[in-house]
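This report refers to the structure that appears directly beneath it.
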Amino acid sequence: MTGSPQWLSMETRVKPAVFDYHRPDNIEEACALLAEYGADARVLSGGQSLVPLMNMRILSPAVLIDINRCRDLAYLREEGAAIACGALTRQSEAETSDLVASRLPLMSIAMPHVGVRASRNFGTVCGSLAHADPLAELPSVASALDARFVIASSRGRREVTADEFFVSALTNCLEPDEMLAEVKMPAIAEGAGCAFHEIANRAHGFAVAGVAACVEFGPDGRCSRARLSAMGAGDTTARLSPVEALIEGQRLDDALIRAAGAEAAVVADPAGDVHADAAYRAEAIGSLVRKVLRQMQGAAVER
Amino acid sequence: MKAIEDFTLIGKTVLRREDSYLMRGKAQFLDDLPEPKGLIHLAFVLSPYACADILSVDASAAKALPGVIDVLTGKDLVGDIKTFAPVIEIEGYRDVRRPVVAVDRVNFVGEYVAVILAESPYVAQDALDLVEVDYDPLPAVAGIEEAEAAGAPVIHSHLGDNHIFRAAFETEDFDARFAEGDLVLEEEFRNGKTAGGMIEPRGCMAWPDPVATNFTLWTPTQIPHIVRTAIADHLDIPESVLRVVAPAVGGGFGTKAHVFPDELIVVALARRYGRAVKWVQDRRESLLTNMHARGHILHIKVSVKQDGTLCGVYLNLKTNCGAYPNHPYSPTLEATGCARMLPGPYRFQTYRYDVSSLITNTCPTGAKRGTGQPSAFLAIEGMMDRIGRRLGIDPAEVRRRNTVRPEEFPYVNVVGVRYDTGSYLPSLERGLEMIGYDAFRAAQPKDRLVNGKYRGIGICNYTEVSGTGAPGWRVRGFAKMPGFDSSRVVVEPDGKITVYVSQADAGQGHYTTFAQIAADRLGVACEDVTVVEGDTSKTPYGTGTFASRGSVVGGGTVIRCSEKVGVKIRRIAGYMLDADPERLVLKDGRVADPEDAGRSLSLREVAETAYSMNNLGLPQGEEHGLEATDYYDPPMVTMANGTHVVQVAVDPEDGRVEIERYAVVHDCGRVINPRIVEGQVHGATVQGIGEALMEEIVYDADGQHLNANLLDYLMPTAMDVPELELDHIETPSIDTVGGIKGAAEGGLTGAVPAIANAVGDALSGLGVNITRVPLRPSSVFEQIRRACTEKEGRA
């Protein structure tokens, strides 16, 4: 179905600037439309970020490609050692999924922080990732989980890492004819500790800063693998690699946790805005790293 | 009048009749109203600059867009609408007038620069981007201090500087009496600018009659009669040709108790084009252009005896007026309000204040729930804690020693306001008891650190101005604010009751409470009473619903009016029953003679006589009909009171404030409907939590509004609200009809100081001095860090 301004009566106009609307039935059709319209087009999935931006006319795409009829993109499934999540999987589906709870517990515990229940019923996991907001929860979860981003176009498919996918604030690495088709997240090892905390000026809404962590321990109780990523630490969600290096191979004692927090505050390179200044964000990330690691101490001891 | 103990429905929880349509989405708000044919939709071009000269407006591309009817600038409207200003008569106030659409100069971001008239709202929106305005940006001032600095740009040149209002007050021998204290403490408090935050943005729609001589304006206002008077005045039309109707209103909170330029514009354009005209704002426009509030700087000095009692208080208050005075209150509302309300429940009789309001290049400020009171109590209650800390006296005890004692009522405070009754000390004691104050203090370590968090308690003992009458408005300069409200109570021919009230409901539950009152006074069931309000063509003139007036003045007039009708009912029934009207009783929908138990008449039978629908005729000299009209001008002000006691934990790792316990004791005199009062207390307290912990409109130094959306302007949601423990004390007024006092604002007034004081108490061991709200994690953390650095420096 297509429309053009000439065909629309005034009564059917909507608040955003005028746009053409397409509703493909599968990913091939979606990619064909993207190949045709390229930079003029935007992909509409849950619409929780795109639609408000269009209503405020901050974005005025000439063409909307609505993928909500592409049922081939709505799935959450185990593929080998990874969980694959299609572009049309709603956040609320991931939130209540047993598969996610057992294999990707970090995503399960982070999900209640994503928007509100009503927005999670519409919003998709991949939509939030593609929006690439450095203060959003799911990009930092994907980053901590070493997710692979499956990118589709009529030219074929390619896979990138989180580092490659998130280019800068609200900018991903997609070419004009590409869309994010799937995100693949390796299952978390049994017994690994997972924690997610954030600081916000109110109980829901955008966070000031957040930290997602997944830490594995060896039989000696030492940290064998640490993956921490931070929201609000820079213009993309980013792994705290120096902090990970500091704790890997070590026991998570109080001195190490203090040192890790201090290192995180130094590594973070946040921006200031109306919600918090940059200095506070750095300190907040330090305190969140201490908080998630203190929670890990329990996981290490339990083994 | 029936004695208080005879109340049957007043004081009972009756479920809100309006909830049935509100909760099911059936209410008709402005944008739900059916639209007439040929409706013109408006959109306003907003200034992107805080201060700029308008060099030119090129609307040719916009006018060429199909569906655009016209584009008008301020110059095009000069002949239709007079420049806009409130009528204020008080020493120290200087007149500033506002063109409804800017002419030559814009003075704040969001000021109207041009208005687009289009066949659909979407075309109007499309046309906005096509209007080319050439501006010459000028230096702007956003803050109070910048506005009063030497050499600051003068925003309205005829003033010579940026002061729009100054006032001073001083009791006799102030200096000598102030000097009698053993020590003087001083502090500067500040609060952020905030917005009313109602869920429904504003909008309005004007319909002309077929020959465009009479007009109906639908506008979600709290003050329909005042809106009508202002429009008639500024458009030079008779008040009699204009009808103002408030449809269902999605929250007002004071913001909708103003008259706005767009209300004048839609009526003027309906007159000019002879077509209906509608405008609805979006959230960004709502936050950019509706009234803001607060943003005060309060410098307070107190003189104190060793025992903690106050010898005198000095207040220097500065308020941010914004670019223009609001209509109808002007900035004197907050300035005089705050200074005159600051004495609160305290006994001091030596007081001086200097207040000033400054013009800045920001959105005009005006009424919001609490007006000056959250600021006033932030200052005076903050000082109570500081006195305690300085003298080693428990802060609750400092308050006890300064509070008006029960035997002193009626008490006249230092600015001449009469407190007829009140429960100031009992309310404080009850609040302390609810929170377990003594046990908490006994267990509280000196450094306040418990399980890794700093824990403290804050108190706010407040009074709440309500139901202001004419003298209360005159003394603050409101030359045309009536003060009274009115009602007309009609017993219809079938014996059912219609109550017309001059007020306008914005969610307060008037349709239930006024029905309760009339039913109580006339001895009928609640269901037999219909309430009509918010329509100037149906109700007599009145002041409207703001500043906690609804129950005091609206309730008062419905009581009086119902009783007036009751007299006539008894007269006619007495004639019909051949009994002394004085002894007849209105009960269960009947008029009964208690001395003759078998004899009574239904209200319908009496009404049929009054409306000449039987063969009985009327007593000699009696007129037909069964109704009365009443105008009730309440006392100067009526003071409610209450106490908030809050326990918080502050996490030193990230500066987060968590409310652990929250107790509210509330005394609004005679309670009409306990459930509705609880709702008011809850809602206002939550707004206070917002002002204390998160809400703030942010302007940068250039006057750019940085958070005109609800992602960035943070208001609390249900998830931020702790369990509120509520208790009521009921101390009826002896001055108001029915003993009613107001209930709508105290929750906000109590919450802000109590939370600030609790954080101050929690961090007192660190030497942190809390003087400013909102207390966001970042600002609390920064203050903790600075205090710790200073401590280390000293060590």
Side-chain angles (χ1 to χ4, degrees), chain A residues 5-6 8-18 49 52-53 55-58 60 112-113 115-117 133 135 197-211 232 257-258 261 265 270 272-291 294, chain B residues 35 41 65-67 118-126 128-129 280 282-285 452 651-658 689-690 693-700 704-722 774-782 784-785:
Chain A
Q6 292 85 346
L8 291 169
S9 74
M10 281 162 188
E11 285 67 35
T12 59
R13 285 204 185 177
V14 289
K15 195 170 175 191
V18 173
S49 302
L53 289 169
N55 278 343
M56 290 187 276
R57 299 196 177 206
I58 292 168
S60 301
H113 296 275
V116 293
R117 172 64 53 125
D133 191 317
L135 279 166
H197 289 290
E198 63 180 35
I199 293 173
N201 286 334
R202 71 171 170 196
H204 98 266
F206 270 96
V208 161
V211 170
I257 288 175
R258 273 197 302 278
D273 59 24
V274 293
H275 302 294
D277 57 25
Y280 175 73
R281 280 215 164 88
E283 294 293 343
I285 287 165
S287 86
L288 287 165
V289 164
R290 291 194 297 273
K291 194 169 181 176
R294 278 198 298 267
Chain B
E35 293 179 348
H41 296 267
L65 188 72
E119 303 288 354
S120 96
Y122 310 118
V123 172
Q125 204 72 27
D126 291 342
L128 280 179
D129 300 333
V280 179
D282 65 15
R283 185 63 64 185
R284 176 171 166 270
E285 291 170 311
D651 190 335
E653 292 231 357
D654 54 28
R656 274 195 280 195
V657 174
E658 184 192 343
I689 291 171
L693 296 180
M694 61 191 84
E695 285 189 48
E696 182 169 20
I697 286 165
V698 184
Y699 279 97
D700 69 11
Q704 279 299 331
H705 188 318
L706 300 182
N707 55 348
N709 63 69
L710 291 184
L711 277 180
D712 292 323
Y713 179 73
L714 300 179
M715 295 191 294
T717 74
M719 287 183 265
D720 297 286
V721 182
L775 292 162
R776 291 176 163 195
S778 50
S779 74
V780 174
F781 181 84
E782 171 59 18
I784 294 172
R785 195 195 57 75

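Here is how names work: the chains are called A, B, and so on, in the same order as the sequence lines, proteins then strands, and each is numbered from 1.
Only the side chain of B:Arg656 comes within contact range of chain A, judged by heavy atoms closer than 4.5 Å. With a threshold of 4.5 angstrom between heavy atoms, A:Ala284 does not approach chain B through any atom at all. With a 4.5 Å cut-off on non-hydrogen atoms, B:Asp700 does not touch chain A at all. With a 4.5 Å cut-off on non-hydrogen atoms, A:Ala209 does not touch chain B at all.
In terms of heavy-atom pairs under 4.5 angstrom with chain A, the leader among B:Arg284, B:Arg785, B:Met694 is B:Met694. When B:Asp720, B:Asn707, B:Asp651, B:Asn709 are compared by the number of non-hydrogen pairs under 4.5 Å with chain A, B:Asp720 comes out ahead. Annotation: maximal heavy-atom pairing with chain B below 4.5 Å, among A:Gly205, A:Pro52, A:Ala203, A:Ala200, occurs at A:Ala203. When A:Asp273, A:Val208, A:Ile199, A:Val116 are compared by the number of non-hydrogen pairs under 4.5 Å with chain B, A:Ile199 comes out ahead.
Separating the CD atom in A:Glu283 from the OG atom in B:Ser778 is a distance of 12.0 Å, to the nearest 0.5 Å.
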In sequence, state the C-alpha distance, the side-chain angles, and the governing distance for A:Lys15 and B:Asp282, and then conclude on side-chain contact (heavy atoms from CB on, under 4.5 Å). CA-CA 11 Å; A:Lys15 195 170 175 191; B:Asp282 65 15; 3.3 Å; yes
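The backbone N or O of A:Pro16 sits nowhere less than 3.5 Å from a side-chain atom of B:Tyr122 that would complete a donor-acceptor pair.
What you find for A:Ala17 and B:Asp126 is that their closest heavy atoms are CA-OD1, 4.4 Å. Nearest heavy atoms, A:Arg57 versus B:Asp129: NH1-OD2, 3.7 Å.
Contact check for A:His275 versus B:Val698: no side-chain heavy atoms found under the 4.5 Å cut-off. Using a 4.5 Å heavy-atom cutoff, the side chains of A:Asp277 and B:Glu782 are not in contact.
The existence of a salt bridge linking A:Arg290 and B:Glu653 is confirmed by a sub-4.0 Å separation between a basic side-chain nitrogen and an acidic carboxylate oxygen.
Around atom CZ of B:Arg283, more than 12 heavy atoms belonging to other residues, nucleotides or ligands sit under 6.0 Å away.
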